[in-house]
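Each ligand, and each atom within it, is numbered from 1 in the order the structure gives.
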Amino acid sequence: MVIDTSAINRRNHALADDDEVWLFGYGSLIFKADFPYLERRGAHIQGWARRFWQGSHDHRGTPESPGRVVTLTAAPGQHCHGVAYRIRGAVFAHLDHREKNGYLRLDTTLHLTGGETVAGLLYVATADNPAFLGPAPAADIARQIAAAHGPSGANLDYLLDLAAALRALGTRDTHIEQLLAELSAGV
Ligand code: BEZ
């Protein structure tokens, strides 16, 4: 099921084109920065964990064979590592369209590598959106990812690109490493 959240995002977080906003990226925004930015920094957020729990019917899968992409789930005491982009408000028109399948902008606090803390936004797909798939055994998630393909490419490439990008940032994600281990074991 595809639900277009771009109008909700425009309404809930009205931004002027030349506003400067920090955006936290924890998924494809890390390895696919197809938008202009003023600055890119390593960063983490607190109290959240990255999970392959959101269905992708429009990018890495199809309505008949959805893929899985990442969203965030509340995880008290945990950190989620990613990147922070300082961008202009005008860039959100592109991002809202790109991430329109169930993702809503949410206010957050970003901890930039080096110690600075800034206010910003992230995109999250919550459990109440129609494309949400939720938790499943790691082997099942890995199998679904291995099988799915969509207009943006193979779901497996999304997982591998994200894993490589996180390693390049000097961090690892246990959920992602678990999925890679399942794939290596030949799910
Ligand atoms: C991200 O990389 O932060 C992101 C992932 C999925 C949807 C929107 C943003």
Check: Ser28 N/O within less than 3.5 Å of ligand 1 N/O: yes

Between Arg60 and Ser28, a side-chain donor and acceptor under 3.5 Å: no

Ligand-side contact atoms (ligand 1) for residue partner Phe24, heavy atom cut-off under 4.0 Å: 3 (O)

Polar contact flag for Tyr123 and ligand 1 (N/O pairs, less than 3.5 Å): no

Geometric N/O contact Gly25 with ligand 1, under 3.5 angstrom: no

Taking atom 3 (O) of ligand 1 as the reference point, the nearest protein heavy atom with its distance: Tyr26 N, 2.9 Å

Tyr158 side-chain N/O to Ser152 backbone N/O, donor-acceptor pair under 3.5 Å: no

N/O donor-acceptor pair under 3.5 Å between Arg50 side chain and Tyr26 backbone: yes

Polar side chain donor-acceptor pair, Asn155 to Gln144, under 3.5 angstrom: no

Identity and separation of the nearest protein heavy atom to atom 1 (C) of ligand 1: Gly27 N, 3.3 Å

Distance-only N or O hit between ligand 1 and Ile30, under 3.5 Å: no

Ligand 1 versus Tyr103: contacting region, heavy-atom distance under 4.0 Å: side chain

Candidate pair Asp96 and Arg105, rule salt bridge (charged side-chain N to carboxylate O under 4.0 Å, His left out), full reasoning: CA-CA 9 Å; Asp96 286 347; Arg105 297 187 215 155; 2.4 Å; yes

